[in-house]
Amino acid sequence: MSAAPLVRIADAGRPERIGQRIRIRGWVQGTRSSGGILFTKVRDRTGAIQITARRDTIGDAVFDALEHVQIEGTIVVDGTVIADARAPGGRELRADAVEIIDAGLPFPIFEEQTEEFRLDKRHLAIRSPEIVRTLRLKAELLHALREFLDREEVLEMTPPILTGNPAEGGAEAFAIDYFGRPGYLSQTAQLYLEALIVPHERVYAITPSFRAEKMRTPRHLTEYQHLEVELAWTDLDGLLEFIERMLIHVCHHLARADPEGLRELGRPPEELAALRAPFPRIRYADAIQELRAKGYAVDWGSSLGTAEERALTLERSLPIFLTHFPREITAFYMRRSPSDPRTVEAADLLAPEGYGELVGASCRETSIENLVGRLTEMGVDPAPYEWYLDLRRHGNVPHAGFGLGVERLLRWITRREHIRDTTPFPRTPSRHTP
Ligand code: 4AD
Ligand code: MG
């Protein structure tokens with residue numbers, strides 16, 4: 001018989017395919033036998049279809065072998081597309097030739113296992129429909145972010161991951177041995193992006209960031225994808241408007257691009273499509289009052305943890321900007337607020353529904369005196385930051401930027417219980433394999 005044309009499984013179900021002889025290839029989802037016929041469900045990246053195979057058509061040897069192909073075994077099938085209301089999706093492929101590429105061993109993952117076991121078998125668990133849907137949305141999310149940034153004329157940069165000085169605080173940096181000298185895995189690309197704004201004015205990077213925090217929470221990874229944007233000639237209002245527009249673009253894009261995937265994961269796409277500016281802006285000082293009224297023991301200078309962030313956002317349907325934190329609880333590079341010097345020109349974007357911080361944003365301090373003052377106050381030797389201080393000596397410019405945790409955003413969008421469900425091979429304090 002002549003070779004049949006190779007067709008994606010999603011296309012095998014199209015009306016014009018009925019009666020045609022085609023070839024499909026993919027992975028077996030299960031086989032049952034009834035009345036001398038095998039019913040095998042096969043999946044490729046586009047969809048799934050039921051194959052029917054008769055002993056007298058495909059031959060004894062192949063029939064017996066197909067019956068023993070395991071779940072996730074790999075096959076290539078030639079056959080004719082038949083409309084049959086009893087088949088899932090209303091189509092089946094009546095096989096006339098089957099090639100078994102890999103019969104497979106019994107697939108070790110099934111419903112009743114513990115989460116720990118699934119994490120040990122993560123290299124196989126990533127085939128589950130839930131993880132497949134989530135990672136497709138992640139690819140679409142990255143695409144939408146780049147599309148927005150490109151449209152806004154923000155240029156993609158490639159800052160280093162291996163660095164000589166920790167940027168977000170020494171205690172939470174992974175230290176490495178760099179040929180006998182101290183080195184660190186990057187926690188943020190910000191300082192490099194600040195150098196790059198002078199020739200390019202508007203830059204961004206999407207890189208892995210590393211945090212050596214022993215945080216066992218549903219929103220901390222030790223390695224995550226970090227989108228960072230740095231904009232020259234921008235103040236806090238300009239920055240927050242930019243973030244708003246970016247988030248709205250991404251949410252609207254996903255609602256259009258993959259409404260089914262979102263719905264399957266528990267996020268009605270209409271909710272994303274309804275996202276509108278402006279997001280409420282709440283000063284830290286006012287948030288403290290709101291929290292105290294709700295019975296939280298917080299004072300000026302308290303860092304707001306998971307419980308406090310939850311309390312501020314649980315009943316809101318829009319994300320909120322929390323702004324103007326006390327200087328003493330913030331990073332050294334944040335600009336002291338001219339209107340209230342106890343605070344900095346900074347904001348965190350908190351997701352609704354208690355999902356927590358998505359973005360950390362600030363205007364950058366342009367005064368060398370204030371920068372060195374803060375580092376000294378924090379007990380950090382300014383010497384390794386000399387190159388960064390140089391930026392304030394040559395072409396100093398008012399500027400601002402932010403960092404967004406890609407997995408944090410995806411977790412909120414797809415309503416995942418744990419951030420590890422938004423990344424194929426999660427890195428947490430207790431796990432860096434497989
Ligand atoms: O708030 P962070 O620490 O800010 C910075 O690193 C700035 N230097 C970024 C910048 O302005 N260029 O981190 C930014 C974001 C957080 O809002 C959060 O979404 C995410 O990074 N993030 C994490 N995501 C997953 N796991 C962790 N352990 C994270 N730590 C921060
Ligand atoms: Mg932060």
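Just so it is clear, the structure is predicted and the values come from calculations on it, not from any experiment. The first residue of the sequence shown is numbered 1, and numbering continues consecutively from there.
Listed by chain and number, the residues in a side chain to side chain contact (heavy atoms under 4.5 Å, CB included) with E130 are S128, L265, R416 (sequence neighbours excluded). When the salt bridge (Lys or Arg N to Asp or Glu O under 4.0 Å) test is applied to R276, no partner is found at least two apart in sequence or on another chain. Applying the salt bridge (Lys or Arg N to Asp or Glu O under 4.0 Å) rule to R202 yields the partners E152; only residues at least two apart in sequence or on another chain are considered. R136 is linked by a side chain to side chain contact (heavy atoms under 4.5 Å, CB included) to R45, V132, counting only residues two or more places apart in sequence or in another chain.
The salt bridge (Lys or Arg N to Asp or Glu O under 4.0 Å) with R316 is formed by just one residue from the set E290, E309, E353; it is E290.
The backbone N or O of R420 lies less than 3.5 Å from no partner atom in the side chain of T423, so there is not a single donor-acceptor pair. A distance-only check finds no donor-acceptor pair linking the side chain of R408 to the backbone of Y355 [under 3.5 Å]. Proximity of a side-chain donor or acceptor of Q113 to a complementary backbone N or O of P108 within less than 3.5 Å is detected. A donor-acceptor pair is defined here as one N or O able to donate and one able to accept, closer than 3.5 Å; such a pair exists between the side chain of K294 and the backbone of A311.
Applying the side chain to side chain donor-acceptor pair (under 3.5 Å) test to pairs two or more places apart or on separate chains, those with a residue in residues 320-330 are H324-E345. For residues 203-218, no pair satisfies salt bridge (charged side-chain N to carboxylate O under 4.0 Å, His left out), with sequence neighbours left out.
Side-chain rings of W27 and F107 stay apart, their centers remaining 6.0 Å or farther from each other. Ring centers of Y192 and Y388: at least 6.0 Å apart, outside the cut-off.
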- [ ] Determine, step by step, whether L272 and H252 satisfy the side chain to side chain contact (heavy atoms under 4.5 Å, CB included) criterion, reporting the C-alpha distance in whole Å, the side-chain angles of both residues, the deciding distance to 0.1 Å, and the verdict.
- [x] CA-CA 6 Å; L272 298 183; H252 290 188; 5.9 Å; no
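Taking the side chain as every heavy atom from C-beta outward, Q50 and T40 never approach each other to under 4.5 Å. Side-chain contact between I243 and L349 is present, with heavy atoms from C-beta onward closer than 4.5 Å.
A cation-pi arrangement is found for R32 relative to F39, the charged atom lying closer than 6.0 Å to the ring centre and inside a 45° cone about the ring normal.
For R393, the CZ atom counts as densely surrounded, since its 6.0 Å shell holds more than 12 non-hydrogen atoms of other residues, nucleotides or ligands. Shown here is E153, whose CD atom has no more than 12 heavy atoms of other residues, nucleotides or ligands within 6.0 Å. Heavy-atom contacts from other residues, nucleotides or ligands closer than 6.0 Å to CD of E16 number more than 12.
The minimum heavy-atom distance linking Q190 with E228 is given by the pair N-OE1, 3.4 Å. Among all heavy-atom pairs drawn from L239 and A361, the shortest one is CD2-CB, 3.6 Å.
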